[in-house]
Number of protein chains: 2
Amino acid sequence: MDAKGKFGQYVAGKGLRHTVQREQIVDIFLATEKHLTIQELYDLVRKKYKSIGYATVSRAVKLMTESGICRRVDFGDGSQRFEHKFGHEHHDHLICVRCGKFVEIYSKRLEKLQEQLVTKHGYVQLYHKMDIFGLCPKCSKKVRGR
Amino acid sequence: MDAKGKFGQYVAGKGLRHTVQREQIVDIFLATEKHLTIQELYDLVRKKYKSIGYATVSRAVKLMTESGICRRVDFGDGSQRFEHKFGHEHHDHLICVRCGKFVEIYSKRLEKLQEQLVTKHGYVQLYHKMDIFGLCPKCSKKVRGR
DNA sequence: TATACTATTGATAATGAATATCAATACCAA
DNA sequence: TTGGTATTGATATTCATTATCAATAGTATA
């Protein structure tokens, strides 16, 4: 099932309605390969559909997050950002604190270790977030070169 | 060096002044083994020292975070919380999404794997955050029992 | 197809947390 | 001491998110 289908199913399953605005917002969100704030998504949506309101975008993001096609990421800059899960496997982030550049990282061994840790404490894992902050190659060179 | 000393050193090193308010706030923060919001810390401080303002608490938390004796934790409930690092080794969190109960987790193997991942991408690690969300033993039993 | 019910929308107000402002005060080096 | 200035506490401001509400638009049913 693709992301859009998953969203539609979630919305229908909750007895909510299908609306053109939601469809437009979801389309634009899924077509953007960035970590967006609500404001940024609102601006993008506005470029194409002039009449959509901020509140509607905000509500749509909330729904998308609940439906599981979107997740909140926190890069520590104080703003809430969201990324979609369309065409992306689960991944974590490695973020440069100097320039903000990031890469998506994934390790099967790490995932397995996490699962073991969870089980050891008797918990059932639902999801996790791991963000590593550091210096990218370029920035670490600059810092050393000072 | 204990946390308070580290804070004092950081403050002095930046050419900032030592004040009784900061000392009182730091003391209360370090004495509390919880993940506090600024508002909660403000309330705690107020119980003992009636005249301290919210802004001062907020500024002190910022300083403590910069000095490295405090770090921000995000349990996904939308509020920013802070924990101190006094008498705590580095750890990550395992949080129950149902009841909010959490445990601090640590694994040397996991830390090593993270470091390897970072190095592989040419980054230099400064710090990381890992939060695993799931169901605690009690809550997972309840859900299954439905 | 028409109708009734109600979720949704967009504009705006309200909320809440963090930050900025500023005059009075307190710290601290000299 | 004293002068320079960082700090404080009260308050205002900012900014993002959420709540409100009348008008609108999905959708099930007749």
Side-chain angles (χ1 to χ4, degrees), chain A residues 4 7-29 35-67 70-82, chain B residues 7-29 35-67 70-83:
Chain A
K4 212 169 160 182
F7 178 74
Q9 202 170 56
Y10 177 80
V11 168
K14 285 205 87 175
L16 305 177
R17 292 174 183 168
H18 174 267
T19 69
V20 286
Q21 289 92 337
R22 276 185 197 151
E23 174 124 15
Q24 292 164 345
I25 294 166
V26 170
D27 281 346
I28 288 182
F29 183 62
H35 299 89
L36 298 170
T37 61
I38 291 179
Q39 183 64 54
E40 285 164 358
L41 179 56
Y42 171 72
D43 292 340
L44 278 179
V45 169
R46 270 292 180 120
K47 274 191 193 166
K48 230 179 165 178
Y49 309 105
K50 295 275 186 293
S51 68
I52 288 183
Y54 186 96
T56 304
V57 174
S58 175
R59 286 184 282 233
V61 169
K62 197 175 179 185
L63 268 182
M64 288 194 289
T65 306
E66 286 170 18
S67 78
C70 162
R71 74 163 171 164
R72 189 160 69 87
V73 292
D74 177 12
F75 286 178
D77 61 348
S79 57
Q80 302 211 343
R81 296 180 170 279
F82 298 85
Chain B
F7 178 76
Q9 203 170 55
Y10 176 81
V11 168
K14 285 205 88 177
L16 304 177
R17 293 175 182 166
H18 175 267
T19 68
V20 286
Q21 289 90 338
R22 277 185 195 149
E23 173 124 16
Q24 291 165 345
I25 294 167
V26 171
D27 281 346
I28 288 182
F29 182 61
H35 300 90
L36 296 170
T37 62
I38 291 180
Q39 183 64 54
E40 285 165 359
L41 179 56
Y42 171 72
D43 292 339
L44 279 179
V45 169
R46 271 293 182 120
K47 274 191 194 167
K48 229 177 164 178
Y49 309 105
K50 294 275 185 292
S51 68
I52 288 183
Y54 184 96
T56 303
V57 175
S58 175
R59 287 184 283 234
V61 169
K62 198 176 180 185
L63 269 181
M64 288 194 289
T65 306
E66 286 169 20
S67 79
C70 163
R71 74 164 173 164
R72 189 161 69 87
V73 293
D74 177 11
F75 286 178
D77 61 348
S79 57
Q80 303 210 343
R81 295 179 173 279
F82 298 86
E83 66 175 6

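Numbers restart at 1 for each chain; the letters A, B, ... are given by sequence-line order, proteins then strands.
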The single option from Q39(A), R46(A), E40(A) that satisfies side chain to side chain donor-acceptor pair (under 3.5 Å) with Y42(A) is R46(A)
Enumerate all atom pairs, one protein N or O and one N or O from nucleotides 17-28 of chain C, separated by less than 3.5 Å.
from    : atom 1 : to     : atom 2 : distance (Å)
dA18(C) : OP2    : Y54(B) : OH     : 3.1
dC27(C) : O3'    : H18(B) : O      : 3.4
dC27(C) : O2     : R17(B) : NH1    : 3.2
dC28(C) : OP1    : H18(B) : N      : 3.0

Separation of dG9(D) atom P from Y49(B) atom OH, nearest Å, is 13 Å
note: I52(A), atom CD1; dA11(C), atom C1'; distance rounded to Å ~ 14 Å
To the nearest angstrom, the CD-P distance between E40(A) and dT17(D) comes to 11 Å
Return the value, rounded to whole Å, for the distance between atom CG of L63(A) and atom P of dT17(D).
-> 16 Å
Under 4.0 Å between any heavy atoms, over every strand shown, what does T37(B) touch: base, sugar-phosphate, or nothing? Just pick one.
-> nothing
Q24(B) CD to dT8(D) P, in whole Å, measures 10 Å
Between dG9(D) (C1') and R46(B) (CZ): distance, integer Å | 9 Å
Would you say V20(A) and Y49(A) make side-chain contact, with heavy atoms under 4.5 Å?
-> no
Side-chain heavy atoms of R59(B) within contact of L63(B), under 4.5 Å | no
Please round to 10 degrees the angle between the axis of the first five pairs and the axis of the last five pairs in the helix from dT1(C)-dA30(D) to dA30(C)-dT1(D).
-> 40°
Close side-chain approach of T65(B) to R71(B), heavy-atom, < 4.5 Å | no
Do V26(B) and E23(B) have side chains that get closer than 4.5 Å, going by heavy atoms?
-> no
Side chains of K4(A) and D27(A) in contact at under 4.5 Å (non-hydrogen atoms) | yes
Atom CZ of R81(A) to atom P of dT17(D): distance rounded to whole Å?
-> 11 Å
Side chain to side chain, R72(A) and D74(B), heavy atoms closer than 4.5 Å | yes
Pairwise side-chain contact, V45(A) with L41(A), heavy-atom cut-off 4.5 Å (strictly under) = yes
Hey, are the side chains of T56(A) and Y54(A) touching, using non-hydrogen atoms and a 4.5 Å cut-off?
-> no
